[in-house]
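Structure first, commentary second.
Every value quoted in this text rests on a predicted model; they were computed, and no experiment measured them.
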Amino acid sequence: TSEMVNMVADVTGIRFPHVLQKYVEFYILTVLHPAYYAVHESTTKRLCIEINGCPFKEKGMMFDAYECKEICATVFKYIALMKQIDISFELEYSTLCKIVFAV
């Protein structure tokens, strides 16, 4: 549960990737059905998530790939800032959106 993720992070001092992943997945789930994304790597050094397609385009919102990436980038930066997790990340988009976070 969410409380357990926070408790383990507080006890161990390890906030990446678990705390960040929890909030990133909350964000993805508010936009996509869970079948449309996969976590390919989740270690204390890297978190890699792939989303099939652009949820904003699929829902009929008119954004180009750059604007879609900016929306997600803004959300991820905000999550990291609010949870005090120092990360870098890359977003790649074609028909598959690949997000790689690293510490």
Side-chain angles (χ1 to χ4, degrees):
T1 66
S2 180
E3 294 84 17
M4 184 60 75
V5 169
N6 291 334
M7 186 176 75
V8 170
D10 290 342
V11 169
T12 64
I14 300 172
R15 303 189 64 73
F16 183 85
H18 308 96
V19 174
L20 178 73
Q21 182 175 343
K22 174 181 73 169
Y23 288 99
V24 168
E25 289 193 54
F26 285 163
Y27 169 70
I28 290 170
L29 290 170
T30 62
V31 178
L32 294 175
H33 185 274
Y36 289 102
Y37 82 98
V39 176
H40 287 280
E41 183 178 353
S42 182
T43 68
T44 56
K45 301 285 183 200
R46 242 169 81 101
L47 172 62
C48 178
I49 299 174
E50 291 183 348
I51 304 169
N52 186 15
C54 175
F56 299 105
K57 288 183 179 182
E58 290 171 7
K59 292 188 178 216
M61 299 177 187
M62 300 307 292
F63 299 111
D64 64 25
Y66 177 77
E67 291 170 331
C68 291
K69 286 168 52 170
E70 287 301 310
I71 292 168
C72 288
T74 301
V75 171
F76 301 146
K77 287 176 189 175
Y78 181 75
I79 292 168
L81 177 69
M82 296 309 296
K83 295 298 157 189
Q84 300 175 3
I85 302 170
D86 188 24
I87 59 161
S88 63
F89 64 92
E90 299 174 18
L91 286 156
E92 297 174 16
Y93 178 79
S94 58
T95 57
L96 181 74
C97 195
K98 182 177 179 181
I99 311 150
V100 179
F101 300 93
V103 292

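Cluster annotation: Met7 and Ile14 are assigned to distinct hydrophobic clusters (Ile/Leu/Val/Met/Phe/Trp/Tyr, side-chain heavy-atom contacts under 4.5 Å, transitive). One hydrophobic cluster, built from ILVMFWY side chains closer than 4.5 Å, cannot hold both Val100 and Leu91; they sit in different ones. Val8 and Val5 fall into different hydrophobic clusters, where Ile, Leu, Val, Met, Phe, Trp and Tyr are joined by side-chain heavy atoms under 4.5 Å apart, directly or via other members. One hydrophobic cluster, built from ILVMFWY side chains closer than 4.5 Å, cannot hold both Ile87 and Leu81; they sit in different ones.
Remark: Ser42 pairs with Gln21 by the side chain to side chain donor-acceptor pair (under 3.5 Å) rule, at least two apart or across chains. Taking the side chain to side chain donor-acceptor pair (under 3.5 Å) definition, one finds that Gln84 meets it with nothing, sequence neighbours left out. With sequence neighbours left out, Glu50 forms a salt bridge (charged side-chain N to carboxylate O under 4.0 Å, His left out) with no residue at all. Remark: Phe16 engages no residue in a ring pair (Phe, Tyr, Trp, His ring centres under 6.0 Å) (not counting sequence neighbours). By the side chain to side chain contact (heavy atoms under 4.5 Å, CB included) test, Ser88 pairs with Ala102, sequence neighbours left out.
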I would like to know whether Leu20 and Phe76 meet side chain to side chain contact (heavy atoms under 4.5 Å, CB included); could you show each step before the answer?
-> CA-CA 9 Å; Leu20 178 73; Phe76 301 146; 5.9 Å; no
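In this structure, the side chains of Leu47 and Val39 come closer than 4.5 Å at one or more pairs of heavy atoms.
Applying the salt bridge (Lys or Arg N to Asp or Glu O under 4.0 Å) definition to pairs two or more places apart or across chains, none involves residues 75-84. Judged as a side chain to side chain donor-acceptor pair (under 3.5 Å), not a single pair has a partner in residues 9-20 (not counting sequence neighbours).
By the neighbour-count criterion of 12 heavy atoms within 6.0 Å, atom CD of Glu90 is sparsely surrounded, having that number or fewer from other residues, nucleotides or ligands.
Annotation for Thr44 and Val103: closest pair O-CG2, 3.3 Å, computed over non-hydrogen atoms.
Phe89 and Phe101 have tilted rings, their planes meeting at an angle from 30° to 60° on a 0 to 90° scale.
Taken from OH in Tyr23 to CD1 in Ile85, the straight-line distance is 9.0 Å, to the nearest 0.5 Å.
Membership of the apolar cluster around Met82 extends to Tyr78, as traced through chained side-chain contacts below 4.5 Å between ILVMFWY residues.
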